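Step one of this worksheet: look at the structure below.
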Number of protein chains: 2
Amino acid sequence: MTAKTHTISDLAREFGVTTRTIRFYEEKGLIHPLREGQKRLYSNADRVRIKLILRGKRIGMTLRECVEFIDMYDPEHNNAEQLQSLIDDVKSRRERLLQQKRDIDDMLSGLDEVQGLCEESLARSHRKKLAHT
Amino acid sequence: MTAKTHTISDLAREFGVTTRTIRFYEEKGLIHPLREGQKRLYSNADRVRIKLILRGKRIGMTLRECVEFIDMYDPEHNNAEQLQSLIDDVKSRRERLLQQKRDIDDMLSGLDEVQGLCEESLARSHRKKLAHT
DNA sequence: TTTAACGTTTACGTTAACGTAAACTTGGGC
DNA sequence: GCCCAAGTTTACGTTAACGTAAACGTTAAA
């Protein structure tokens with residue numbers, strides 16, 4: 001079984017970004033695709049990393065933060081000290097995420113209100129129209 | 001009853017930003033504080049706007065998006081056409097927010113996993129220590 | 001064989017969101 | 001009267017995250 005690889009434009013299409021973006025991520029050390037001669041070959045692991053990067057960006061993380069987040073998954077934690085600092089990182093990350101969720105929920109409530117007012121207003125002008133006939 | 005106002009450094013302290021940031025927001029047309037001679041006087045409405053801006057920023061909105069979002073609240077919607085486009089805006093905004101919530105939930109699950117592995121690993125090394133005595 | 005589609009490197013340009021510094025005014029405390 | 005803290009304007013600097021353009025290699029189809 002040969003591991004499936006992807007070209008750069010495959011991934012660009014799939015994720016709705018430009019090839020420039022993907023090369024930029026490599027330049028910044030976020031991904032490390034293999035090479036076949038000059039050409040880059042992206043493994044499925046590379047693909048997943050890109051996906052995780054874009055997910056991070058959607059909620060406003062910088063690229064640096066995205067890597068930091070992704071790197072929490074792989075074990076560079078040898079001793080207990082590093083483990084503890086990782087746990088601390090996890091904790092503060094979680095708090096930030098929860099704050100963001102609260103922010104989003106507040107904004108969603110706001111949208112509900114606005115939409116309610118809109119529909120009400122539309123309904124009113126609709127009744128007016130009918131009465132006018 | 002005199003409406004309470006705030007100085008620029010009051011608000012900077014309250015929100016943990018610099019005065020430069022607040023002036024920058026004004027320069028960009030996001031807020032419009034009154035003046036007492038040269039000095040800016042911030043009403044409570046100004047304060048709220050800043051709060052909403054910072055909330056938007058926390059989930060990765062640009063300043064432009066923040067204004068757009070805030071402006072949905074006040075009624076510049078006279079005719080039915082504008083009303084409908086506002087409703088459309090609300091819809092797409094809601095979808096983006098929901099996607100962000102999904103992203104956050106996924107990341108929170110990831111953090112749970114990482115933390116689990118950490119604690120497990122810590123527990124193991126702790127048992128090892130005990131066995132060594 | 002040429003051309004079209006895809007790939008590459010190198011490098012300069014751009015936008016957003018402030019930081020930082022200089023130079024000035026202004027109101028209150030000693 | 002003097003000084004200091006807080007305010008002001010003006011303007012150049014900085015970082016992130018790409019966009020855009022030039023100039024070039026490769027391969028498969030017409």
Side-chain angles (χ1 to χ4, degrees), chain A residues 4-43 46-47 49-71 93 96 100 103, chain B residues 2 4-44 46-47 49-71 93 96 100 103:
Chain A
K4 192 175 181 179
T5 69
H6 319 262
T7 75
I8 193 168
S9 41
D10 281 351
L11 295 185
R13 249 186 306 275
E14 175 177 1
F15 292 120
V17 300
T18 69
T19 60
R20 173 69 174 99
T21 297
I22 298 184
R23 288 197 200 93
F24 178 75
Y25 290 166
E26 178 180 356
E27 191 181 325
K28 288 290 163 178
L30 280 77
I31 42 182
H32 312 280
L34 295 176
R35 296 291 179 119
E36 183 187 45
Q38 278 276 75
K39 298 193 174 174
R40 291 164 171 87
L41 283 190
Y42 295 87
S43 71
D46 293 324
R47 204 179 69 87
R49 278 185 80 89
I50 296 180
K51 193 174 206 162
L52 295 183
I53 293 167
L54 298 177
R55 183 185 69 180
K57 288 204 60 192
R58 280 198 297 274
I59 62 160
M61 295 172 83
T62 67
L63 292 186
R64 175 174 302 277
E65 285 173 321
C66 289
V67 205
E68 287 170 10
F69 195 98
I70 295 175
D71 286 352
R93 273 255 143 254
R96 279 190 50 184
Q100 287 181 296
D103 289 333
Chain B
T2 33
K4 193 176 183 181
T5 69
H6 319 263
T7 75
I8 193 169
S9 41
D10 280 351
L11 295 185
R13 249 187 306 276
E14 176 177 0
F15 292 120
V17 300
T18 68
T19 59
R20 173 69 175 101
T21 296
I22 298 183
R23 288 196 200 95
F24 178 74
Y25 290 166
E26 178 180 356
E27 191 181 325
K28 289 289 163 178
L30 280 78
I31 43 181
H32 311 281
L34 297 176
R35 297 290 179 121
E36 184 187 44
Q38 280 276 75
K39 298 195 175 172
R40 292 165 172 85
L41 283 189
Y42 295 87
S43 71
N44 205 56
D46 294 323
R47 204 179 67 88
R49 277 185 80 88
I50 296 180
K51 193 174 206 162
L52 294 183
I53 293 167
L54 297 178
R55 185 186 67 181
K57 288 203 60 192
R58 280 198 298 273
I59 62 160
M61 296 171 84
T62 67
L63 291 186
R64 176 174 301 278
E65 285 174 321
C66 288
V67 205
E68 287 171 10
F69 195 98
I70 295 175
D71 286 353
R93 274 254 144 255
R96 278 189 50 183
Q100 287 180 296
D103 289 332

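Small disclaimer: the values here were computed from a predicted structure and weren't measured. Chain letters run A, B, ... following the sequence lines, proteins first and then strands; every chain starts at 1.
Within a 6.0 Å radius of CD in A:Glu27, more than 12 heavy atoms belonging to other residues, nucleotides or ligands are found.
Taking atom CZ of A:Arg23 as the reference point, atom P of C:dA11 lies 16 Å away to the nearest angstrom. In this structure, A:Arg20 atom CZ and C:dT14 atom C1' are separated by 12 Å, rounded to whole Å. One interatomic measurement links the two molecules: NZ of A:Lys39 to P of D:dC24, which rounds to 19 Å at whole-angstrom precision. Residue A:Phe24 contributes atom CZ, which lies 10 Å from atom P of D:dG19 at whole-angstrom precision. In this structure, the CD atom of A:Gln38 is 15 Å from the C1' atom of D:dT27, given to the nearest Å. Taking atom CD of B:Glu27 as the reference point, atom C1' of D:dA11 lies 11 Å away to the nearest angstrom. One interatomic measurement links the two molecules: CG of B:Asp10 to P of D:dA5, which rounds to 17 Å at whole-angstrom precision. The nearest whole Å value for the distance from the CZ atom in A:Arg64 to the P atom in D:dC18 is 14 Å.
Exactly one of B:Thr7, B:Leu11, B:Asp10, B:Thr5 qualifies for a side chain to side chain contact (heavy atoms under 4.5 Å, CB included) with B:Tyr42. That residue is B:Leu11.
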May I have the step-by-step check of salt bridge (Lys or Arg N to Asp or Glu O under 4.0 Å) for B:Glu68 and B:Arg93, ending in yes or no?
-> CA-CA 11 Å; B:Glu68 287 171 10; B:Arg93 274 254 144 255; 5.2 Å; no

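Side-chain N/O atoms of A:Arg40 include none lying less than 4.0 angstrom from OP1 or OP2 on C:dG7. The side chain of B:Tyr25 places an N or O atom within less than 4.0 Å of a non-bridging phosphate oxygen (OP1 or OP2) of C:dC18. Contact between the side-chain N/O atoms of A:Thr7 and the OP1/OP2 oxygens of C:dC6 is not found at any separation under 4.0 Å. OP1 and OP2 of D:dC18 both lie 4.0 Å or more from every side-chain N or O belonging to A:Thr18. Contact check, A:Thr21 against D:dA17: no side-chain N or O comes under 4.0 Å of OP1 or OP2. At least one side-chain nitrogen or oxygen of B:Ser9 sits closer than 4.0 Å to the OP1 or OP2 atom of D:dG7.
Distance alone, capped at 3.5 Å, places no donor-acceptor pair between the B:Ser9 side chain and the B:Ala12 backbone.
Counting only heavy atoms from C-beta on, A:Leu63 has its side chain closest to D:dA17 among C:dG7, C:dT9, D:dA17.
Only B:Lys57, B:Thr62, listed by number, bring a heavy atom of residues 51-62 of chain B to less than 4.0 angstrom from any atom of DNA chain C.
Remark on DNA chain D: of its neighbouring residues B:Arg13 and B:Arg35, the 5'-side contact belongs to B:Arg13, judged by nearest-heavy-atom nucleotide.
Residues A:Arg47 and A:Lys4 form no side-chain contact, since every pair of their non-hydrogen atoms from C-beta on lies 4.5 Å or further apart.
Between A:Pro33 and A:Glu26 the shortest heavy-atom distance is CG-OE1, 3.5 Å. For the pair A:Ile8 and A:Ile22, the tightest heavy-atom approach, listed with the atom from each and the gap, is O-CD1, 3.7 Å.
Only the P atoms considered, D:dA6 is 23 Å distant from D:dC2, to the nearest whole Å.
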